[in-house]
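For reference, the structure is listed below as structure tokens.
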Amino acid sequence: MKTNLQKLFLLAIVFLTPNIVQAESACSYSEQAEINNIVANVKANYETVDIYDGKVLDIDNPGADGKIPEVDYYIKGFNITVLNITEDIYVQIKNSIDNNVVTFKYEDTKDGVASFQTRNVNQLITYTVEIYSNKGACIGELFRKISLTTPIYNLFSEWRDCKENPEFYYCQEYLSVENISINEFRTKLKDYKIEKEEKRKEEEIENKNFWNKIKKIYQENAIIINLVGSVVLISGVATTVILIKKKRSRVL
């Protein structure tokens with residue numbers, strides 16, 4: 001029985017122990033250290049941009065001759081940028097919505113800066129930047145990953161309610177959360193307005209109480225306050241007169 005328990009215990013250890021795979025690098029330690037220093041400097045970021053999307057008819061502003069002019073049309077988008085790519089590394093960029101992979105080597109960059117634009121602003125997208133070695137015995141080895149998530153363009157930000165309440169979270173132009181429904185938006189905005197009004201009233205009461213306290217202090221100490229004020233005023237006038245006389249005497 002004891003032997004069987006020992007066997008079961010050993011089997012349990014085998015099954016419960018996590019499978020840890022330590023990938024061995026073909027690089028020497030010095031090469032690994034060099035590549036690690038390089039990939040540590042790689043940065044990834046995004047910025048919002050207006051992307052040119054051709055010409056459209058501007059029906060709201062017809063010309064003097066009655067003709068409808070064409071104007072440039074732009075749509076919202078993001079510019080994804082990866083910085084500090086060198087000849088010793090290359091990057092592969094994947095996203096969370098499809099299987100598209102973009103690869104940038106140093107020769108594909110402008111002075112080590114790789115960038116591309118995306119027009120997808122309607123959902124949260126996570127971009128994974130994988131940084132590989134392009135040098136020595138460890139070409140093709142993955143050394144680092146960077147994750148970057150672009151926000152969602154918020155259509156509610158164009159509404160009049162949001163123009164009147166720009167500080168409301170769901171009125172920001174871009175959001176880092178999933179879209180909410182119109183009903184949810186209206187409910188949250190209503191709650192926000194109520195909270196905002198309550199806060200305004202509280203501040204109004206606090207200000208009123210503050211000035212009431214000041215008024216009460218003055219009423220209780222009016223004689224002393226007036227006396228001190230008079231002394232300060234007289235002292236100030238006397239000092240000014242003395243300084244003026246001294247200045248005139250120096251001139252004479």
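Just so you know, residue 1 is the first one in the sequence shown, and it goes up from there. Predicted model only: the values in this text are computed from it and were never measured.
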Problem set entry | pair L124-E178: side-chain heavy atoms closer than 4.5 Å | yes
For this session: List for me each residue that meets ring pair (Phe, Tyr, Trp, His ring centres under 6.0 Å) alongside Y174, sequence neighbours excluded, and say none if there are none.
Result: F78, Y153
For this session: For N154 and Q172, indicate whether the former's side chain and the latter's backbone hold a donor-acceptor pair under 3.5 Å.
Result: yes
For this session: Take F156 and L189 through the side-chain contact (heavy atoms from CB on, under 4.5 Å) test and state the conclusion after the steps.
Result: CA-CA 11 Å; F156 296 132; L189 180 60; over 6 Å; no
Exercise. Any idea which heavy atoms bring N134 and I139 closest together, and the distance?
Worked result: C-CG1, 3.6 Å
Exercise. Checking side-chain contact (heavy atoms from CB on, under 4.5 Å) for the pair V82/F104: CA distance, chi angles, key distance, verdict?
Worked result: CA-CA 9 Å; V82 181; F104 288 100; 5.9 Å; no
Exercise. Less than 4.5 Å apart, any side-chain heavy atom of E47 and any of N45?
Worked result: no
For this session: Quick one: list whatever passes salt bridge (Lys or Arg N to Asp or Glu O under 4.0 Å) with D108, sequence neighbours left out.
Result: none
Exercise. Is it the case that one hydrophobic cluster holds both L175 and I180, taking links as side-chain heavy atoms less than 4.5 Å apart, direct or via other members?
Worked result: yes
For this session: Using the test salt bridge (Lys or Arg N to Asp or Glu O under 4.0 Å), find all partners of K43 that sit at least two apart in sequence or belong to another chain.
Result: none
Exercise. Can you tell me how far CZ of F143 sits from CG of D88, rounded to the nearest 0.5 angstrom?
Worked result: 11.0 Å
Exercise. Do the non-hydrogen side-chain atoms of V71 and Y73 ever get within less than 4.5 Å of each other?
Worked result: no
For this session: Run the numbers on E70 and V56 for side-chain contact (heavy atoms from CB on, under 4.5 Å), then give the verdict.
Result: CA-CA 5 Å; E70 284 189 334; V56 295; over 6 Å; no
Problem set entry | Single-linkage hydrophobic cluster I97~V129, side-chain heavy atoms < 4.5 angstrom | yes
For this session: Please say whether more than 12 non-hydrogen atoms of neighbouring residues, nucleotides or ligands are located less than 6.0 Å from NZ in K55.
Result: yes
Exercise. For the residue pair R144 and V42, what are the closest heavy atoms and their distance?
Worked result: NH1-O, 3.0 Å
Exercise. Taking all non-hydrogen atoms of both residues, which atom of R119 and which atom of I75 are closest, and how far apart?
Worked result: CD-CD1, 3.3 Å
For this session: Assess whether atom OH of Y52 is packed by more than 12 heavy atoms of other residues, nucleotides or ligands within 6.0 Å.
Result: yes
Exercise. Are I146 and Y90 in one and the same hydrophobic cluster, where Ile, Leu, Val, Met, Phe, Trp and Tyr link if side-chain heavy atoms are under 4.5 Å apart?
Worked result: no
Exercise. If you group Ile, Leu, Val, Met, Phe, Trp and Tyr by side-chain heavy-atom gaps below 4.5 Å, do I89 and L83 land in one group?
Worked result: no
Exercise. To the nearest 0.5 Å, how far apart are OG in S28 and CD in E34?
Worked result: 9.0 Å
Seminar exercise, completed: In short, Y46 meets T150 closest at the heavy-atom pair CG-CG2, 4.0 Å
For this session: Check whether more than 12 heavy atoms from other residues, nucleotides or ligands sit under 6.0 Å from atom CD of E195, and answer yes or no.
Result: no
Seminar exercise, completed: The reported gap from CG in D111 to CG in N84 (rounded to nearest 0.5 angstrom) is 11.0 Å
Problem set entry | Least distance between heavy atoms, V121 atom then G77 atom | CG1-CA, 3.7 Å
Problem set entry | Minimum-distance pair of heavy atoms, taken over all atoms of I80 and L148 | CG2-CD2, 4.1 Å
Seminar exercise, completed: Taken to the nearest 0.5 Å, the spacing of I85 CD1 from E107 CD works out to 10.5 Å
Exercise. Should the ring pair Y170 and F168 be called parallel, tilted or perpendicular, given that the plane angle runs from 0 to 90° and is split at 30 and 60?
Worked result: tilted
Exercise. Should K94 and E130 count as an ion pair when the cut-off is N to O under 4.0 Å?
Worked result: yes
Exercise. Is atom NZ of K196 surrounded by more than 12 heavy atoms (other residues, nucleotides or ligands) closer than 6.0 Å?
Worked result: yes
For this session: List the steps and the verdict of salt bridge (charged side-chain N to carboxylate O under 4.0 Å, His left out) for D161 and R186.
Result: CA-CA 9 Å; D161 280 331; R186 287 175 174 164; over 6 Å; no
Exercise. Same cluster for Y132 and Y106 if Ile/Leu/Val/Met/Phe/Trp/Tyr side chains link at under 4.5 Å?
Worked result: no
Problem set entry | Approximate separation, where rounding is to 0.5 Å, of C171 SG and W159 CH2 | 9.5 Å
For this session: Calculate, to the nearest 0.5 Å, the distance between atoms OG1 and NZ belonging to T81 and K110 respectively.
Result: 12.0 Å
